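Scroll down for the structure; my scribbles are underneath it.
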Amino acid sequence: MGISKTLEKICTSMGNNNKPTYVVMAIATVKGICRPMFTMMDKKENPETKKYTAIREGLTEIIAIPVYWACGEVAGKLSHLFAKPENFMDKKLYASFKAGKLTPEVVKAYENAKVLAENNLPKMNKNLMFMGVCGAALFVIPALCSVAIKPLMNKIQGNKAQKNKVTEIKPQASPQFFGYNSQIRNNDAFRNVRSVYRGSDSGMRVGGL
Amino acid sequence: MIGAISNVLSNSTLANIAQNTATSVSIETTLKSIGRPGFILIDNNISPDTKKYAATKEFLYQATCLAVYLALIIPVFKKGAFSLAKKTFFKNKPEFAKFTNASEYLDYYNLASKNITNRKATLMKDHSRNKFMHDGLREELQNNVKPEKYPLIKGTIELGSLIGSVFGLAILAPQISHYTIHPMLRMLGMEKKEEPKNPADTHRIDNKV
């Protein structure tokens, strides 16, 4: 199959069904590769600092990719809860339908509502997916990163001596420009929803966007 | 309540936004630029100065991403993908010959996504009276309940936007922010200019002077 044929297939598929999760997952994937690479290429930094920062950046994006996918898909699945005939017909008519008063008017209204619900299901699916992705970017990923990154880093770093060395790293010295200083680090990130943003020295810049 | 939510979720405009890579990424980035600094600012567990610094930094980063995206990525990649595909990969495809540029196609696509009543009403408005008068496009929109949407063109534009989004937000924007955020923070009086760390270095410079 030539390039044009493959491209045509990809483009047609995207034209028919462009999920909001595609772009955010693509961005997170490229960020997960490029950011650690850029960090490792920085010649001014201490090798240990570079290694720590690169692993942390990679981990952040590794968390972000499945979360974007899961949040989008789960939110999209909720469309079945909303795409029901009762949500597209008059309440009184639906009450009559439920009570078994099947007059021609009620039956017609129900049939119309059923068609409307079926037609609107794909739209609702995409809209909910989009909302799921926004929710993931705003809440879920920063929350997960603030909870998971530190223990994961400690596991990766292995011995305690290395761990101590790592905690001494000042964000200022980090090659990444959007790291926060140690004052805003938080070890109790799930204390309330707002604290999700407080503690995450990684969460604020996660998710690729 | 659920009925009202269903109405919002079945909105065609919202569905078009959710399936439009460029618009959805712009909305997500805007939400992040407001939401993330907002969450930092309402957190009572960190000092006001730190909050202000972290929120400003996050806002500046997201604003840079949005600016890069709107100024460079949308015009270049979204429109460029259509032109490139028309001239090279899909030059023999008849659907590409029907539209002069990406904007014209997207106008057509937005109208084709509406229901026939709304579509006809829009076509009768002053600004649309002379639109799509070629290649049977206007007839298609006026007479068909489900007009042809040309998924290949839509997919081409979306793929271009996706590539542009990845390049802009995962590679270009972080590099631009790297050079702009700290000067901007200094301009806002939130960061001091870095002093030379080693006094000996300063002494050496002074001697040279």
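For clarity, every value in this text was computed on a predicted model and none was experimentally measured. Numbered from 1 within each chain, the chains take letters A, B, ... in sequence-line order.
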Could you grab the distance from atom [atom1] of [X] to atom [atom2] of [Y], nearest 0.5 Å is fine?
{"X": "A/Ile10", "Y": "B/Leu152", "atom1": "CD1", "atom2": "CG", "answer": "11.5 Å"}
{"X": "B/Leu9", "Y": "A/Phe130", "atom1": "CG", "atom2": "CZ", "answer": "12.5 Å"}
{"X": "B/Leu162", "Y": "A/Tyr22", "atom1": "CG", "atom2": "OH", "answer": "10.5 Å"}
{"X": "B/Ile17", "Y": "A/Lys126", "atom1": "CD1", "atom2": "NZ", "answer": "15.0 Å"}
{"X": "B/Leu169", "Y": "A/Lys31", "atom1": "CG", "atom2": "NZ", "answer": "7.5 Å"}
{"X": "A/Asn120", "Y": "B/Ser12", "atom1": "CG", "atom2": "OG", "answer": "7.5 Å"}

request  = Tell me, for A/Met89 versus chain B, whether the close heavy atoms (under 4.5 Å) come from the side chain, the backbone, both or neither.
outcome  = neither

Counting only heavy atoms closer than 4.5 Å, note whether [X] contacts chain A via side chain, backbone, both or neither.
{"X": "B/Lys93", "value": "side chain"}
{"X": "B/Leu66", "value": "neither"}
{"X": "B/Phe89", "value": "both"}
{"X": "B/Ser161", "value": "neither"}

Residue pair [X] / [Y]: nearest heavy atoms and the distance that separates them:
{"X": "A/Pro20", "Y": "B/Ala18", "result": "CG-O, 3.4 Å"}
{"X": "B/Gln19", "Y": "A/Asn18", "result": "O-ND2, 2.8 Å"}
{"X": "A/Thr12", "Y": "B/Pro151", "result": "O-CB, 3.9 Å"}
{"X": "B/Thr21", "Y": "A/Val23", "result": "CG2-CG2, 3.5 Å"}
{"X": "B/Ser6", "Y": "A/Met124", "result": "O-CE, 3.2 Å"}

request  = Please indicate whether A/Glu105 has more than 12 foreign heavy atoms, meaning atoms of other residues, nucleotides or ligands, lying under 6.0 Å from its CD.
outcome  = no

message = Does atom NZ (B/Lys79) have a neighbourhood of more than 12 heavy atoms from anything else shown, all under 6.0 Å?
response = no

request  = With the side chain counted from C-beta on, respond yes when B/Ser10 and A/Phe88 share a heavy-atom pair under 4.5 Å apart, and no when they do not.
outcome  = yes

key: side-chain contact (heavy atoms from CB on, under 4.5 Å) between A/Phe38 and B/Ile171, worked out   = CA-CA 10 Å; A/Phe38 291 147; B/Ile171 300 168; 4.1 Å; yes

